[in-house]
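Below, each value reflects all heavy atoms present in this structure, side chains not excepted, and no hydrogens, waters or symmetry copies. Just so it is clear, the model here is predicted, and its values are computed rather than measured.
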Amino acid sequence: MTTRVLIVEDQGMMRDALAALLDLEDDLEVVAQVGSAEEAVPTATRVRPDVVLLDIELPGGSGLDVTGDLRAALPGCAVIIVTTFGRPGYLRRALDAGARGFVVKDRPVDELAQAVRRVLAGETVVDPALAAAALSAGPSPLTPREREVLIAAADGSTAADISGRLHLSESTVRNHLSSCIMKTGTRNRMEAVRVARHSGWL
């Protein structure tokens with residue numbers, strides 16, 4: 001049987017190259033390609049793929065959030081994260097959201113094709129080096145609320161701005177930001193944002 005694949009990737013050249021190379025495989029068929037987070041679930045619902053190859057950083061949202069939405073909309077569809085950003089925190093979040101694979105873009109395309117086959121056979125496929133890094137790094141130290149506040153602070157918003165946006169008191173926002181700074185071992189909120197992003201916690 002032919003495996004139906006949906007590609008969600010914002011870079012047009014990368015998307016086209018992946019589609020062309022995967023279509024060379026006798027048992028794989030790319031049934032659709034989209035370039036944004038908003039298009040992923042509606043397209044998947046329409047074309048009913050067996051596997052979605054999903055980037056993380058997409059216009060309109062994170063592929064990590066889309067993973068959960070895809071799993072809810074199409075429980076039988078497997079999601080494989082295919083990304084440039086091989087960060088331990090991203091791996092943990094992807095697997096927690098229900099992804100069945102996590103591979104980085106610099107691997108040969110035949111390895112990606114094999115990952116698709118292995119996932120459909122019931123395996124979870126993770127880049128070995130990234131898996132080792134994730135085990136040594138441990139889980140994110142940030143609570144869900146701290147993560148939400150730090151994301152809101154990433155654009156330079158003041159505590160008052162964040163307070164209004166997240167419906168929290170200013171003192172609560174400041175407490176969460178202070179905790180983020182302490183947990184990331186940084187000196188201010190923008191450094192905390194950089195460290196958290198680099199670690200894949202945001």
Side-chain angles (χ1 to χ4, degrees), residues 3-11 14-15 18 32-105 107 111-112 115-152 154 166 180 183 193 195-202:
T3 297
R4 296 167 60 81
V5 179
L6 165 63
I7 298 174
V8 185
E9 159 67 55
D10 64 319
Q11 296 180 14
M14 173 64 73
R15 189 170 63 241
L18 272 177
Q33 309 173 41
V34 296
S36 70
E38 298 98 332
E39 298 171 280
V41 174
T43 303
T45 303
R46 177 172 55 83
V47 303
R48 316 294 290 188
D50 301 303
V51 176
V52 177
L53 302 180
L54 181 63
D55 195 7
I56 290 179
E57 297 201 351
L58 294 163
S62 166
L64 298 172
D65 296 327
V66 172
T67 297
D69 296 338
L70 284 167
R71 297 289 296 139
L74 296 170
C77 177
V79 176
I80 299 176
I81 299 293
V82 183
T83 181
T84 304
F85 304 100
R87 297 171 183 166
Y90 281 168
L91 170 59
R92 287 180 176 274
R93 287 171 56 200
L95 295 179
D96 287 346
R100 298 275 301 283
F102 195 110
V103 298
V104 291
K105 289 179 182 175
R107 306 305 299 163
E111 288 189 18
L112 178 59
V116 170
R117 298 181 185 108
R118 289 172 60 192
V119 161
L120 286 177
E123 296 182 46
T124 297
V125 180
V126 176
D127 180 88
L130 186 57
L135 286 173
S136 63
S140 169
L142 304 178
T143 66
R145 180 63 86 180
E146 287 168 350
R147 178 175 171 269
E148 184 180 22
V149 170
L150 197 57
I151 289 171
L166 299 182
C180 291
K183 288 179 176 180
V193 168
V195 167
R197 277 184 173 159
H198 180 74
S199 300
W201 299 335
L202 297 187

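The shortest distance between side-chain heavy atoms of V82 and I7 does not fall below 4.5 Å. R71 places a side-chain heavy atom less than 4.5 Å from the side chain of V79. Looking at heavy atoms from C-beta onward, L95 lies in side-chain contact with T124 at the 4.5 angstrom threshold. Side-chain contact between T143 and K183: present, with at least one pair of heavy atoms (C-beta onward) separated by less than 4.5 Å. The side-chain heavy atoms of V103 and E111, taken from C-beta on, include no pair separated by under 4.5 Å. Inter-residue side-chain proximity for R48 and L74 is flagged as met; some heavy-atom pair is nearer than 4.5 Å. Counting only heavy atoms from C-beta outward, the side chains of R15 and D55 never approach each other to under 4.5 Å.
Across all their heavy atoms, V8 and S36 have their closest contact at CG1-O, 3.8 Å. Taking all atoms of both residues into account, the shortest heavy-atom contact from P59 to E38 is O-OE1, 3.3 Å. Residues T67 and G98 come closest through the heavy atom pair CG2-C, 4.1 Å. Here the closest non-hydrogen pair linking L6 and A32 is CD1-O, 3.3 Å.
Judged by distance alone, the side chain of R93 and the main-chain N or O of L202 form a donor-acceptor pair under 3.5 Å. At distances below 3.5 Å, not a single donor-acceptor pair connects side-chain atoms of R107 with backbone N or O atoms of L112. With hydrogens and angles disregarded, no donor-acceptor distance shorter than 3.5 Å links the side chain of R100 to the backbone of A78. Put simply, the side chain of D50 gets close to the backbone of R4: a donor and an acceptor are under 3.5 Å apart.
Summarising the geometry, atom CG belonging to L142 is positioned 12.5 Å from atom CD belonging to E148; distances are rounded to the nearest 0.5 Å. The OH atom of Y90 lies 4.5 Å from the CD atom of E57; values are rounded to the nearest 0.5 Å. Atoms CD and CE, from Q33 and M14 in turn, are 12.5 Å apart once rounded to the nearest 0.5 Å. Atom-to-atom distance recorded for S62:OG and I56:CD1 is 6.5 Å, nearest 0.5 angstrom. Going from atom CD of Q11 over to atom CG of L58 covers 10.0 Å, rounded to the nearest 0.5 Å.
Screening T83, L70, I80, L64 against L54 for a side-chain contact (heavy atoms from CB on, under 4.5 Å) leaves a single residue, L70.
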